[in-house]
Structure formats: C-alpha cells, structure tokens
Undergrad: 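Okay, here's the structure, questions in a sec.
Only heavy atoms go into these numbers, but all of them, side chains included; no hydrogens, no water, no symmetry mates. Predicted, not measured: the structure shown is a model, and the values here were computed from it.
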Amino acid sequence: MFGSLEKNDPELYALIKKDMDLERQTRDLVKQYREASKDEREKVKAQLDEVVGKHFDARQQKRTLELKRMEQKLQELRDNVDKRSKARKEIIEKRVADLTGHGEDLGF
C-alpha cells in the first residue's frame, strides 16, 4: 500500500511516514522516561515534549492537506452542478432521445 502511495502521492506519503516515525520516537522516549532515574527524567521529558510538538505539527500538516484536497473536490462538484444546471435543457433532451430510441446511437 505505501509503495504505491509513495509513487502516486509523495506529499501525503511523506506526511504519513513522518507521523509514523514520530509515533515511534514518542513510544521510545516514553519507555526511556519510565526506565530513567529521577535525575534523567527531566531531560527525557524535555525531549518528549519536543517530539510530541513535532508530531502534532506533522498531523496538522496532514489534516491541512486533506482539507485542501476536500475543498478542491467540493469546488469541482460545485462547478459540475453549475455546468449541468446551465445545460439542463440539453441534458434532458438527450436523455429523452436516448430513452425513446431517437438518440445518436453510434455504438461500437
């Protein structure tokens, strides 16, 4: 799945990969934190704070990309509805002609 995503949508692939990498780093740091001595915990916690911040930013980038693409798709649908509304009469005439056998049946 990710191989084709890398090829077909490198932007999304990079964000998903970054998300997964940061998730792994977070888990590793949490483990380090739990195993650290009291003196080392503050250092590990600071690293965890930094990685979680980067992880948040990566997920926000992914959500922003998804939103941008949804907005583009919505605009395409709006344009299509507007175009069809303007061509209403022609679309209806063609459909009726097709249904009654009077359409331009070029076939194969």
Undergrad: Looking at residues at least two apart in the chain, or sitting in another chain, which of them share a salt bridge (charged side-chain N to carboxylate O under 4.0 Å, His left out) with K18?
TA: none
Undergrad: Taking only residues at least two apart or on different chains, which pairs with a member in residues 42-52 satisfy salt bridge (Lys or Arg N to Asp or Glu O under 4.0 Å)?
TA: E50-K54
Undergrad: Pair up each side-chain donor or acceptor in residues 71-93 with any protein partner under 3.5 Å, not counting sequence neighbours, and list the distances.
TA:
residue: Q75; atom: NE2; partner: D79; partner atom: OD1; Å: 2.8
residue: S85; atom: OG; partner: V81; partner atom: O; Å: 3.0

Undergrad: Sequence neighbours excluded, which residues qualify as salt bridge (charged side-chain N to carboxylate O under 4.0 Å, His left out) partners of R27?
TA: E23
Undergrad: At what distance, to the nearest 0.5 angstrom, does CG of L5 lie from CD of E11?
TA: 11.0 Å
Undergrad: Restricting to salt bridge (charged side-chain N to carboxylate O under 4.0 Å, His left out), what partner residues turn up for D9, sequence neighbours left out?
TA: R69
Undergrad: Taking salt bridge (charged side-chain N to carboxylate O under 4.0 Å, His left out) as the definition, give me every residue that meets it alongside R24, ordered by chain and number, with sequence neighbours left out.
TA: D28
Undergrad: Please check if F56 and V52 belong to a single hydrophobic cluster, counting links between Ile, Leu, Val, Met, Phe, Trp and Tyr side chain heavy atoms closer than 4.5 Å.
TA: no
Undergrad: Would you kindly confirm whether L22 and L29 end up in one hydrophobic cluster when ILVMFWY residues are joined by side chain heavy atoms under 4.5 Å apart?
TA: yes
Undergrad: Heavy-atom distance under 4.5 Å between the side chains of E40 and E35, does that happen here?
TA: no
Undergrad: Consider side-chain hydrogen bond (donor to acceptor under 3.5 Å, both in side chains). Of K62, R59, Q61, which one does D19 pass it with?
TA: R59
Undergrad: Nearest 0.5 Å, please: how far is CD in Q32 from CZ in R41?
TA: 12.5 Å
Undergrad: Tell me if a side-chain donor or acceptor on H102 pairs with a main-chain N or O of T100 at a distance below 3.5 Å.
TA: yes
